[in-house]
There are 2 protein chains.
Amino acid sequence: MDEREHAIDRAAAGGKPRPTLKTIAYMTGLGVTTVSRALNDAPDIGQATKERVRLVARQIGYRPNRAGVRLRTGKTNVISLIMSVETEVLGLTAHLVYGISEHLAGSPYHLIVTPYGAQSDPLDPVRYIVETGSADGVIFSRIEPQDARVRYLHQQGFPFATHGRTDMGIEHPYFDFDNARYAEIAVERLAARGRRRLALLGPPAHLTYSRHMTAGFQQAVERLDLDDVPIHAVTTDSGHEAIQQEIARLMASRRRPDGIVCGSASAAISPIGAAEEMGCVIGRDLDVAVKESFSLMKKFRRDIEVVHEDFRRAGTSLADAVVRTIGGAPAHELQTLDVPA
Amino acid sequence: MDEREHAIDRAAAGGKPRPTLKTIAYMTGLGVTTVSRALNDAPDIGQATKERVRLVARQIGYRPNRAGVRLRTGKTNVISLIMSVETEVLGLTAHLVYGISEHLAGSPYHLIVTPYGAQSDPLDPVRYIVETGSADGVIFSRIEPQDARVRYLHQQGFPFATHGRTDMGIEHPYFDFDNARYAEIAVERLAARGRRRLALLGPPAHLTYSRHMTAGFQQAVERLDLDDVPIHAVTTDSGHEAIQQEIARLMASRRRPDGIVCGSASAAISPIGAAEEMGCVIGRDLDVAVKESFSLMKKFRRDIEVVHEDFRRAGTSLADAVVRTIGGAPAHELQTLDVPA
DNA sequence: CGATCAAGCTGAAACGTTACAGGACGACAG
DNA sequence: CTGTCGTCCTGTAACGTTTCAGCTTGATCG
């Protein structure tokens, strides 16, 4: 009776009464517990009852109240993407977000985005999430070989997946693009165009994948008996002007490269601009290889060698990995290396 | 006593006991209600008590349990960004996300991202959020003059802010870039370079800002007594090939433009590529004006006329607007038009 | 026939919070 | 001295969910 009046009240008020377990219990004549267990497919509920409950639930558009579940069970049904606000990687992050939410759609999980600034401690947002229990799992990028976040989360037993690998003897879920292979391919392609003196504009040295890319680059350069023209002063994270200056300096020097391998699309713009400024023609005086996720460069200069890195796929894979981790899957099954063709 | 044992249990177990109101109540010797009210600065709690409670809370790192609050009050402390996964706008969305979360940091709000596909109904995610009550407010883009989402949310009395304006007699919070003014500036700049025959590569006609941009363009073209070379077949949302073809056709035609105004940076790549392919030199045979948010084009071709649109600022403004709306501020105070210089 | 068991269902309690109604106590007016 | 008022505090209930222990009922077994 109590429920009935209540329901009628709300319906009369115009605001929808948002059905709860109690509503279904009242409609089916069952207890709240039974309804809950029926919807959760518990083994001690009769098949007929389950079907009846589910039918009613579907009919009235029942959705479990997230706050109720979360309060009772501690399960938030939230995955947090910890996003660096480095401008250079912002465009890529969007694709990651897309991939993640694509995978999460249809699951009970929501995606929340937690940013952290360039100057602040990357550990802060991670700690916040663990301490406040505001998510069931975490995804993050810009991984270092000795990563404090990985260490912390591993030690806390908190589910996570990284976009990039570590090198610290900890087995954990990750998705990584094979940047060593990318660099090899890039070198090979430039070599096939007859280029002999190659420079690598790589990512910042503290990130794990910097090592991979450098290793692949050097290995291929050596194998094909080419020259390695070192770029030390700048990375893909450097500002436009810095990169331009360095490239200009390089192109004017005695050790002028005839091919550049770029660690990212956005960072490729600067060297190309610098080179063209000096009268170089891409495809004639200089060839450029880039790794890019949204085909941008290829539209601009069709002579550029492009290797595709799929950030959307990274997103779906990472989402999958973290959800499976929450489900208890072992880490070693959740490690993906995306090898470019 | 009960509490005491409990607390000791948890502490001994090593897993942190995550303090609650009960913990503070126990430590201060006050009632749970008093603690709650003290932390919420209720008027019927003594000043001394408030300070004592707050001190203890700070010391032990108390954070209100979101699920508890949400269950009790219905307040989710969540803002949802409804994000179109159109690839063309993905890069921009990232900046929006950045701006929003920057504003939300330090507030109790979390940002959740709800995607919707190109083919699915834009109303779906909005309805989902309202029906499940999974956020306190909503932000979305790609606004149409008669926007179903705006109508629905307004009618539901659900707080929202739009990135773009409508034209349906409904007063609501928005942030919009003044695209009319942008187009005017672009035309003026091209005219100052001596260009007389201008084409506009604008956004899809169904979006509100398409009208703004077109109006500004036409007004300026008329005022400066220039020629309007119409582009009908493609928009900034069209694929690279389609735009290239259309531009190629145009450049080969009798009515060949000597200036192009582009509605977005990503869409500017295609016409420039097409024109250069045909032997045109930007800055000599053709001038291009673009609106862009991350300075990309300018790096590539310094001869391009660039007007900056700040998506990050849009994000902070929208977040502010929606939070204020939740707080009860009237819509007309929360309407911002960002006029380019 | 009584005991045991399984199947199917249930109410009470708890998660952490806030709204509500009310209590204790001192001060102050009549 | 009694009554009223204001200040400061408090217990209970409720939000929607799941866990726990336990209840019926009918069947099976010795």
Side-chain angles (χ1 to χ4, degrees), chain A residues 2-3 5-7 9-10 15-53 57 60-77 108 131-134, chain B residues 2-3 5-7 9-10 15-53 57 60-77 108 131-134:
Chain A
D2 225 70
E3 306 88 290
E5 287 178 41
H6 192 58
D9 268 16
R10 302 289 283 272
K16 287 182 193 158
R18 175 94 137 100
T20 69
L21 291 180
K22 214 163 149 187
T23 317
I24 302 178
Y26 174 69
M27 292 177 77
T28 55
L30 295 164
V32 173
T33 304
T34 311
V35 174
S36 170
R37 308 200 47 116
L39 290 173
N40 290 327
D41 205 23
D44 62 347
I45 303 294
Q47 194 53 37
T49 307
K50 281 183 187 173
E51 273 157 24
R52 198 155 61 91
V53 168
I60 65 178
Y62 168 76
R63 300 276 196 159
N65 180 311
R66 312 192 111 233
V69 175
R70 181 164 168 176
L71 182 57
R72 178 66 239 241
T73 64
K75 183 136 207 285
T76 62
N77 283 312
E131 284 173 5
T132 63
S134 54
Chain B
D2 224 69
E3 305 88 289
E5 289 178 43
H6 193 59
D9 267 16
R10 303 287 285 269
K16 285 180 193 157
R18 176 94 136 100
T20 69
L21 292 179
K22 214 164 149 186
T23 317
I24 302 179
Y26 174 69
M27 293 177 76
T28 55
L30 296 163
V32 172
T33 304
T34 310
V35 174
S36 169
R37 303 195 53 95
L39 290 173
N40 290 327
D41 204 25
D44 63 347
I45 303 293
Q47 193 54 37
T49 307
K50 280 184 189 172
E51 274 158 24
R52 199 156 60 91
V53 168
I60 65 177
Y62 168 76
R63 300 277 196 158
N65 180 310
R66 312 190 111 234
V69 175
R70 182 165 169 176
L71 182 57
R72 179 65 237 243
T73 65
K75 182 134 208 282
T76 63
N77 283 311
E131 285 174 5
T132 64
S134 53

### Which residue lies more 5' along DNA chain D, comparing B:Gly29 with A:Thr20 via nearest heavy atoms
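Looking at DNA chain D, the more 5' nearest nucleotide goes with B:Gly29.
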### Message
Does A:Thr33 reach a base, just sugar-phosphate, or nothing at all? Heavy atoms under 4.0 Å.
### Response
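Base: the residue A:Thr33, judged by heavy atoms under 4.0 Å, touches a nucleobase.
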### Query
With a non-hydrogen cut-off below 4.0 angstrom, is B:Gly68 in contact with a base, only sugar-phosphate, or nothing?
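The residue B:Gly68 makes base contact.
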Atom pair [atom1]/[atom2] of [X] and [Y] - distance to nearest 0.5 Å:
X       : Y       : atom1 : atom2 : result
A:Ile45 : A:Arg52 : CD1   : CZ    : 11.5 Å
B:Arg70 : A:Asn65 : CZ    : CG    : 7.0 Å
B:Leu21 : B:Leu30 : CG    : CG    : 11.5 Å

Rounded to whole Å, how long is the line connecting atom [atom1] of [X] with atom [atom2] of [N]?
X       : N      : atom1 : atom2 : answer
A:Asn77 : D:dG16 : CG    : C1'   : 14 Å
A:Asp44 : D:dT24 : CG    : P     : 17 Å
B:Leu21 : D:dT10 : CG    : P     : 13 Å
B:Ile45 : C:dT18 : CD1   : P     : 12 Å
B:Arg63 : C:dT17 : CZ    : P     : 13 Å
B:Arg37 : C:dT17 : CZ    : P     : 15 Å
A:Arg66 : D:dC15 : CZ    : C1'   : 17 Å
B:Lys75 : C:dG16 : NZ    : C1'   : 17 Å

So, OP1 or OP2 of [N]: does either fall under 4.0 Å of a side-chain N or O from [X]?
X       : N      : result
A:Thr34 : C:dT10 : yes
A:Ser36 : D:dT18 : yes
B:Asn65 : C:dC15 : no
A:Thr49 : C:dC9  : yes

### Query
Judged by atom type as modelled, is there a donor-acceptor pair below 3.5 Å linking the side chain of B:Arg63 to the main-chain atoms of B:Arg18?
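Looks like no, no N/O pair under 3.5 Å.
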### Query
B:Thr76 and B:Ser134: which non-hydrogen atoms are nearest, and at how many Å?
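Shortest heavy-atom separation between B:Thr76 and B:Ser134 comes out as CG2-C, 4.1 Å.
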### Query
To the side chain of A:Leu71, which of C:dT18, C:dC15, C:dT10 is closest?
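Within the option list, the nearest is C:dC15.
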### Task
Look at the side chain of B:Arg72 and the base of C:dT18, then say whether one donor and one acceptor between them are separated by less than 3.5 Å.
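Such a pair is found, so the answer is yes.
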